[in-house]
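Note that ligands are numbered from 1 as they come in the structure, with each ligand's atoms numbered from 1 the same way. Note that the numbering runs from 1 along the sequence shown for the chain. Because the structure is a prediction, the values reported are computed rather than measured. Side chains are part of it too, since the values below use all heavy atoms of this structure and drop only hydrogens, waters and symmetry mates.
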Amino acid sequence: MTQTRTPMVAGNWKMHKTVAEAQILAREICRGLPVPLTVDVVVAPPYTALTAVAREIQGSPLALAAQDVFWESQGAFTGAISPMMLTDAGCRLVIIGHSERRQYFGETDDSVNKKIKAALQAGLTPIVCIGETLAQREAQETLTIIASQLNNGLLGLGPAEVGRLVMAYEPVWAIGTGRTATPAQAQEVHHFIRHWLRDQVGSTVAEGLRILYGGSVTPENIRDLMDAPDIDGALVGGASLQAASFLKIVALGA
Ligand code: PEP
């Protein structure tokens with residue numbers, strides 16, 4: 001990565017951890033954070049554990065994220081959580097457009113776009129996930145898909161709004177599969193994303209914005225990924241569920 005951008009390591013706990021388990025994990029992570037800390041560290045527990053984890057990490061440099069959000073501010077939307085409910089629970093960030101939301105819950109670039117705007121409006125930092133499937137990669141469609149996710153997902157956002165995002169490139173074939181993109185494969189897409197951003201909102205915003213890589217990141221592969229100039233950190237699933245492996249990634253992600 002380029003030294004002008006502070007790296008970020010974010011742990012996506014997905015549908016794991018009871019409240020008590022989440023509190024223990026958060027406590028262990030807080031205790032094990034490197035001093036001084038040169039990386040922004042984020043955890044995204046399930047909704048049910050947000051408040052408890054917020055209390056647990058109070059006064060620490062750890063930041064809290066949610067794994068999804070709805071775009072409406074309130075109303076008859078059974079099962080949905082509004083941006084304001086997330087800030088009220090102590091969240092500073094929210095993951096939007098994760099491929100599992102797209103795959104299992106019908107998330108589209110259009111809903112991603114609405115969620116980004118609502119999250120920004122509420123003062124949250126969206127971590128916006130994009131990435132291609134294996135079939136799309138094998139059909140040489142990766143960059144076309146990424147461009148389309150960017151064009152539609154970020155539609156209508158101005159430079160100031162885009163500047164408040166964190167992007168995450170997560171090839172779907174690498175998520176939870178143990179099959180990480182090579183640093184060269186990831187760098188190609190990260191470079192493409194930054195170039196797209198430069199064209200749309202200018203080089204100042206594009207150069208300042210962090211683009212995380214996600215997909216089977218481990219303590220063993222994080223260093224090589226972070227050496228790529230346009231990879232600014234990691235969105236970590238499986239390896240974020242144990243404090244030891246997550247903390248190693250944090251330490252190596254600096
Ligand atoms: C993710 O959930 O965003 C992810 C990248 O998962 P994993 O690290 O398990 O591949």
**Message:** Using a 3.5 Å cut-off on N or O atoms only, is His98 in polar contact with ligand 1?
**Reply:** yes

**Asked** Tell me: protein heavy atom nearest atom 3 (O) of ligand 1, and distance?
**Response** Glu170 OE2, 2.6 Å

**Side-chain donor-acceptor pair present, Asp109, Gln149, cut-off under 3.5 Å** = no

**Item:** Short side-chain donor-acceptor distance under 3.5 Å, Glu107 and Ser111
**Value:** yes

**Asked** What part of Ile175, side chain from CB on, backbone N/CA/C/O, both or neither, has a heavy atom under 4.0 Å from ligand 1?
**Response** both

**Prompt:** Can Asp199 and Arg194 be counted as an ion pair, charged N to O under 4.0 angstrom?
**Reply:** no

**Subset of ligand 1 atoms that lie under 4.0 Å from at least one heavy atom of Ser216** = 7 (P), 8 (O), 10 (O)

**Fill in**
ring-ring contact (aromatic ring centres under 6.0 Å, His included) filter on Phe77, not counting sequence neighbours, yields Phe70

**Item:** Atom indices of ligand 1, in the order listed, that fall short of 4.0 Å to a heavy atom of Gly238
**Value:** 7 (P), 8 (O), 9 (O)

**Request:** Output yes when Glu161 and Lys117 qualify as a salt bridge under the 4.0 Å nitrogen-oxygen rule, no when they do not.
**Result:** no

**Item:** For atom 2 (O) of ligand 1, the protein heavy atom that lies nearest, with its residue and separation
**Value:** Lys14 CE, 2.6 Å

**Prompt:** Relative to the heavy atoms of Gly176, which atoms of ligand 1 are at a distance of less than 4.0 Å?
**Reply:** 7 (P), 9 (O), 10 (O)

**Message:** Within the 4.0 Å heavy-atom shell around Gly215, which atoms of ligand 1 are there?
**Reply:** 5 (C), 10 (O)

**Min N/O separation Thr177 to ligand 1 under 3.5 Å** = no

**Asked** Think Lys115 forms a cation-pi with Trp71, using NZ or CZ under 6.0 Å from the six-ring centre and within 45 degrees of its axis?
**Response** no

**Request:** Assess the side chains of Thr133 and Gln136: does a donor N or O sit below 3.5 Å from an acceptor N or O?
**Result:** yes

**Asked** Looking at Ala174, which atoms of ligand 1 are within less than 4.0 Å of one of its heavy atoms?
**Response** 10 (O)

**Message:** For atom 6 (O) of ligand 1, tell me which residue out of Gly214, Gly237, Ala239 has the closest non-hydrogen atom.
**Reply:** Gly237

Which donor-acceptor pairs under 3.5 Å do side chains of residues 52-59 form with protein atoms, sequence neighbours excluded?
unit_1: Glu56; atom_1: OE1; unit_2: Arg27; atom_2: NH2; d: 3.3
unit_1: Glu56; atom_1: OE2; unit_2: Arg27; atom_2: NE; d: 2.7

